[in-house]
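To keep things clear, I will list the structure first and then write my remarks on it.
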Amino acid sequence: MLGVMLIAPCVLIFCAVIVYPLVSAVYLSLFNIFTPTLKGNFVGFQNYADLFAGEEFWRSLFNTLVWTVCTLFLQVVLGVAAALMLHQAIVFRALARSLILFPYFVSTVVAVLVWRWLFNDLYGILNHLMMWSGLLQMPLDWLGSMPNAMVSIVLVGAWKYFPFVVIAILARLQTIPDQLYEAATIDGAGAWARFTDVTLPQLKDVLMVVVLLRAIWDFKEFDLIYLMTGGGPLISTQTLPLMVYKEAFGLDAMGRATAVAVAMMAVMLVFMVLYLRRMGKEEAR
């Protein structure tokens with residue numbers, strides 16, 4: 001009984017913040033709910049049928065996958081490169097390690113405002129520099145046309161979140177024994193061989209966890225994309241979280257919105273299962 005009493009508060013909080021919202025979402029997705037009143041009639045799986053039959057859901061899912069894959073790829077490449085550089089004995093290394101975390105800790109709203117000024121097609125510094133260097137003949141509409149809009153949010157997303165990868169990789173690099181590199185050097189391995197044969201195998205486990213976590217977080221990203229493009233032009237950069245918001249508060253269709261959210265949760269469940277299996281293997285090892 002003592003054990004039950006001690007764990008009861010955690011169970012109650014878990015039910016309040018996770019189980020109840022989850023069950024409510026599944027329940028609401030079976031109704032045609034009007035958002036302001038949260039009242040409506042039972043429609044069964046009609047919301048899901050309309051969802052899967054419509055083109056907007058599949059386009060939003062495609063946009064979400066493109067955003068997630070491209071942003072994650074850049075985050076990993078930039079994060080590993082920056083971590084390798086910061087692991088070396090460079091001048092002002094402590095200062096550089098502090099500054100590299102700036103994008104991750106700065107407010108998303110502030111970061112987006114700065115980037116929107118940089119991307120502005122009339123007086124943005126990016127267009128000005130590219131025209132001055134001869135790369136462009138006229139200003140480019142970065143956020144109002146495709147594929148520029150998708151490229152822009154991917155670049156901003158990678159810049160904003162790659163420091164998380166840097167933190168994880170740098171922490172792992174500091175635990176790799178120097179004797180491994182010394183032995184590889186004695187055997188005649190160059191810099192690239194040491195990276196592929198020593199560093200990458202040592203980083204494999206932490207990279208897998210980082211990729212799975214960032215994939216989950218990027219898949220459900222809302223604020224950065226909403227503030228950058230709002231899903232536009234039209235729905236060219238609309239992801240599933242933005243579709244949920246539009247259905248719930250733009251079209252006042254809470255039932256359809258929760259159906260999208262449940263479908264999104266089903267996709268994310270794949271990432272969760274992979275992450276939990278990976279963590280289980282690590283604990284067993």
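Start at 1 with the first residue, then count along the sequence.
Heavy-atom contacts from other residues, nucleotides or ligands closer than 6.0 Å to CZ of Phe42 number more than 12. Dense packing is recorded around NE2 of His87, with more than 12 heavy atoms of other residues, nucleotides or ligands lying under 6.0 Å away. Residue Met146 places its CE atom among more than 12 non-hydrogen atoms of other residues, nucleotides or ligands, all under 6.0 Å distant. The 12-atom threshold is exceeded at CG of Leu95, counting heavy atoms of other residues, nucleotides or ligands nearer than 6.0 Å. Within a 6.0 Å radius of CG in Leu65, other residues, nucleotides and ligands contribute more than 12 heavy atoms. The environment of CZ in Phe222 is crowded: more than 12 heavy-atom neighbours from other residues, nucleotides or ligands sit within 6.0 Å. Open room surrounds OH on Tyr20; 12 or fewer heavy atoms of other groups in view lie less than 6.0 Å from it. Under a cut-off of 6.0 angstrom, the local environment of CE in Met130 is crowded, with over 12 non-hydrogen atoms contributed by other residues, nucleotides or ligands.
To the nearest 0.5 angstrom, Gln238 atom CD is 8.5 Å from Thr64 atom OG1. To the nearest 0.5 Å, atoms CZ (Arg172) and OG1 (Thr175) are separated by 3.5 Å. Interatomic distance, CZ of Arg93 versus CZ of Arg97, reported as 4.5 Å (0.5 Å rounding). A distance of 6.0 Å separates CZ of Phe219 from OG1 of Thr68, quoted to the nearest 0.5 Å. One distance of note links OG1 of Thr237 with CG of Leu242; it measures 7.5 Å at 0.5 Å rounding. In this structure, Met268 CE and Leu240 CG are separated by 10.5 Å, a value rounded to the nearest 0.5 Å.
Counting heavy atoms from C-beta outward, Met150 and Ser236 have side chains that stay 4.5 Å or more apart. For the pair Phe31/Asn47, no side-chain contact is recorded, criterion being any heavy-atom separation below 4.5 Å from C-beta on. Contact of the Thr199 side chain with the Tyr181 side chain is registered, since non-hydrogen atoms from C-beta on lie closer than 4.5 Å. In this structure, Phe162 and Tyr104 have side chains that are not in contact, with every pair of non-hydrogen atoms separated by 4.5 Å or more. Val165 has its side chain out of reach of Leu78: every pair of non-hydrogen atoms, C-beta onward, lies at least 4.5 Å apart. Looking at Val76 and Val80, their side chains come closer than 4.5 Å, going by heavy atoms from C-beta outward. In this structure the side chain of Asn120 reaches within 4.5 angstrom of the side chain of Tyr123, judged on heavy atoms. Between Trp67 and Leu224 there is a side-chain heavy-atom pair separated by less than 4.5 Å.
The two residues Ala82 and Val166 have their closest heavy-atom pair at CB-CG2, 3.8 Å. Here the closest heavy-atom approach between residue Ala149 and residue Leu143 is recorded as CB-O, 3.9 Å. In this structure, Ala168 and Val206 approach most closely via the heavy-atom pair O-CG2, 4.1 Å. Taking each heavy atom of Ile100 and Pro163 in turn, the nearest pair found is O-CG, 3.2 Å. In this structure, Ala184 and Arg194 approach most closely via the heavy-atom pair CB-CG, 4.0 Å.
Using a 4.5 Å cut-off between side-chain heavy atoms of Ile, Leu, Val, Met, Phe, Trp and Tyr, with links allowed through other members, Val77 and Val66 fall into the same hydrophobic cluster. Residue Val69 is not grouped with residue Leu72 when hydrophobic side chains (ILVMFWY) are merged at heavy-atom distances under 4.5 angstrom, including chains of intermediate members. In the hydrophobic cluster analysis, where Ile, Leu, Val, Met, Phe, Trp and Tyr join through side-chain heavy atoms closer than 4.5 angstrom, Leu227 is grouped together with Phe105. Phe45 and Leu28 fall within a single hydrophobic cluster, where Ile, Leu, Val, Met, Phe, Trp and Tyr side chains are chained together by heavy-atom contacts under 4.5 Å. Both Phe102 and Ile90 are assigned to one and the same hydrophobic cluster, defined by single-linkage of ILVMFWY side chains at heavy-atom distances under 4.5 Å.
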### Task
Could you walk me through whether Leu180 and Gln202 pass the side chain to side chain contact (heavy atoms under 4.5 Å, CB included) test, one step at a time?
CA-CA 10 Å; Leu180 295 178; Gln202 295 292 323; 3.8 Å; yes
### Trace of the side chain to side chain contact (heavy atoms under 4.5 Å, CB included) decision for Ile33 with Lys39
CA-CA 5 Å; Ile33 300 292; Lys39 297 184 182 298; over 6 Å; no
### Query
Please walk me through it: do Ile18 and Ile13 pass side chain to side chain contact (heavy atoms under 4.5 Å, CB included)?
CA-CA 8 Å; Ile18 297 180; Ile13 294 174; over 6 Å; no
### Message
side chain to side chain contact (heavy atoms under 4.5 Å, CB included), that's the test. Do Leu86 and Leu173 meet it? Break it down for me.
### Response
CA-CA 10 Å; Leu86 294 175; Leu173 285 173; over 6 Å; no
### Message
For Trp217 and Phe164: C-alpha separation, side-chain torsions, deciding distance, then whether ring-ring contact (aromatic ring centres under 6.0 Å, His included) applies.
### Response
CA-CA 12 Å; Trp217 296 336; Phe164 176 84; 5.2 Å; yes
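Between Glu56 and Lys246 there is a salt bridge, since at least one side-chain N of the basic residue sits less than 4.0 Å from a carboxylate O of the acidic one.
Under the 3.5 Å distance criterion, with hydrogens and angles disregarded, no donor-acceptor pair is assigned to the side chains of Thr71 and Tyr161. No donor-acceptor contact under 3.5 angstrom links the side chains of Thr239 and Ser60, judged on distance only. Inspection of the Thr258 and Tyr27 side chains reveals no N or O donor paired with an N or O acceptor under 3.5 Å. Side-chain atoms of Gln75 and Arg214 include a donor-acceptor pair closer than 3.5 Å.
Residue Leu51 forms a side-chain contact (heavy atoms from CB on, under 4.5 Å) with just one option from Glu247, Gln46, Arg256, Met243, and that option is Met243. A side-chain hydrogen bond (donor to acceptor under 3.5 Å, both in side chains) with Trp142 holds for exactly one of Asn127, Asn148, Thr229, Asp121; it is Asn127.
Two rings, from Trp58 and Phe62, have their centers 6.0 Å or more apart.
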